[in-house]
Amino acid sequence: MSTADRSAQTQTRTRTPAPAPVRGKRADALRNQQALLAAAAEVFAASGVDAPIRTIAATAGVGVGTIYRHFPTRADLVVAVYRHQVEACAEAGPALLAGADSPLAALRQWVDLFVDFLVTKHGLANAAQSDSGFDALHAYFVDRLVPVCTRLLDAAVDAGEIEPGTQAYELMRGIGNLCIGRDSDPGYDPRRLIDLLLRGLRRRAAEAG
């Protein structure tokens with residue numbers, strides 16, 4: 001056997017196996033965190049952002065320590081839920097537009113998701129009042145959601161379902177204002193008035209035609 005052959009054989013025997021990819025574990029951890037945030041959003045929507053952490057843990061099916069390991073403070077958790085819901089709303093827009101019976105139906109479904117988000121969002125200021133990044137969060141909210149709402153409105157206008165002229169930001173502000181009373185009166189359902197608002201857009205289009 002030549003010196004070169006012996007050297008190659010030695011390298012083959014001593015070669016360290018490649019480490020197993022960690023991508024699967026990271027993906028699992030991300031899914032678990034997303035499930036935890038979804039559970040927290042559900043609890044916040046039902047009971048407010050001051051809901052006991054143990055309630056969130058029970059809803060998510062994890063221990064309280066797991067939540068604190070990911071989110072050391074309540075503000076950390078609330079902000080994470082905020083961002084999670086913004087992304088969910090942003091991603092839902094195109095999917096609804098592609099799958100709904102009409103652009104207006106997609107807009108209605110998206111507004112329903114947006115209201116779910118707003119019910120949670122209204123408690124954010126108190127929970128994160130010491131967080132200097134609150135203004136940045138609002139900018140993030142506007143940057144991600146206004147274009148989605150604009151696309152839905154434009155599609156409904158192009159389909160002849162609503163009249164042109166309604167701006168996404170003003171519609172979202174109006175919906176947000178209708179949701180404010182939900183904080184002080186659990187019996188108040190903003191969705192009824194929001195439904196009237198959306199009906200108004202369509203009725204004016206019909207009258208104009």
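Below, each value reflects all heavy atoms present in this structure, side chains not excepted, and no hydrogens, waters or symmetry copies.
Residues Ile56 and Phe44 form a side-chain contact, since some pair of their non-hydrogen atoms from C-beta on lies under 4.5 Å apart. Annotation: side chain of Asp158 is not in contact with side chain of Pro103 (no heavy-atom distance under 4.5 Å). Residues Asp195 and Arg108 meet the side-chain proximity criterion, which asks for heavy atoms closer than 4.5 Å. Side-chain atoms of His138 and Val142, non-hydrogen and from C-beta on, do get closer than 4.5 Å to each other.
Between Arg202 atom CZ and Leu197 atom CG the span is 14.5 Å, to the nearest 0.5 Å. Taking CD1 of Ile67 as the start and CZ of Arg74 as the end, the distance is 9.5 Å to the nearest 0.5 Å. From Leu37, atom CG reaches atom CD of Gln33 across 5.5 Å, with rounding to the nearest 0.5 Å. Taking CG of Leu118 as the start and CD1 of Ile180 as the end, the distance is 9.5 Å to the nearest 0.5 Å. With rounding to the nearest 0.5 angstrom, the CG atom of Asn32 is 7.0 Å from the NE2 atom of His70. One distance of note links OG1 of Thr55 with CD of Glu42; it measures 11.5 Å at 0.5 Å rounding.
Annotation: salt bridge (charged side-chain N to carboxylate O under 4.0 Å, His left out) contacts of Arg191 (sequence neighbours excluded): Asp112, Asp116. Remark: Ser47 engages no residue in a side-chain hydrogen bond (donor to acceptor under 3.5 Å, both in side chains) (not counting sequence neighbours). Here Arg151 pairs with nothing under the side-chain hydrogen bond (donor to acceptor under 3.5 Å, both in side chains) rule; sequence neighbours left out.
Scanning both residues, Asp101 and Ala105, for their nearest heavy atoms gives N-CB, 4.5 Å. Across all their heavy atoms, Trp110 and Val148 have their closest contact at NE1-CG1, 3.7 Å. Nearest heavy-atom pair across Leu145 and Ala90 is CD2-N, 3.6 Å. Of all non-hydrogen atoms in Cys149 and Met172, the two that sit nearest each other are CB-SD, 3.8 Å.
Side-chain polar atoms of Ser102 and Glu161 form a donor-acceptor pair below 3.5 angstrom.
One N or O on the side chain of Glu170 and one on the backbone of Gln167 form a donor-acceptor pair closer than 3.5 Å. At distances below 3.5 Å, not a single donor-acceptor pair connects side-chain atoms of Thr66 with backbone N or O atoms of Val62. No donor-acceptor pair closer than 3.5 Å links the side chain of Arg199 to the backbone N or O of Ile194.
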Original post:
What do the steps show when you test Leu107 against Leu97 for side chain to side chain contact (heavy atoms under 4.5 Å, CB included), and what is the final call?
Top reply: CA-CA 8 Å; Leu107 176 64; Leu97 194 56; over 6 Å; no
**OP:** Quick one: do Phe117 and Tyr82 satisfy ring-ring contact (aromatic ring centres under 6.0 Å, His included)? Show the steps, please.
**Re:** CA-CA 8 Å; Phe117 164 69; Tyr82 181 98; 5.4 Å; yes
**OP:** Step by step, work out the side chain to side chain contact (heavy atoms under 4.5 Å, CB included) result for Val115 and Cys179.
**Re:** CA-CA 7 Å; Val115 171; Cys179 288; 3.9 Å; yes
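Here the options are Val81, Thr59, Leu77, the test is side chain to side chain contact (heavy atoms under 4.5 Å, CB included), and the partner is Leu36; only Leu77 passes. Checking each of Leu104, Leu201, Ile162, Leu152 against Val157 for a side chain to side chain contact (heavy atoms under 4.5 Å, CB included) leaves exactly one that passes, namely Ile162.
Around the OH atom of Tyr68, the shell of radius 6.0 Å holds no more than 12 heavy atoms that belong to other residues, nucleotides or ligands.
Using cut-offs of 30° and 60° on the angle between ring planes, the pair Phe141 and Phe114 is parallel.
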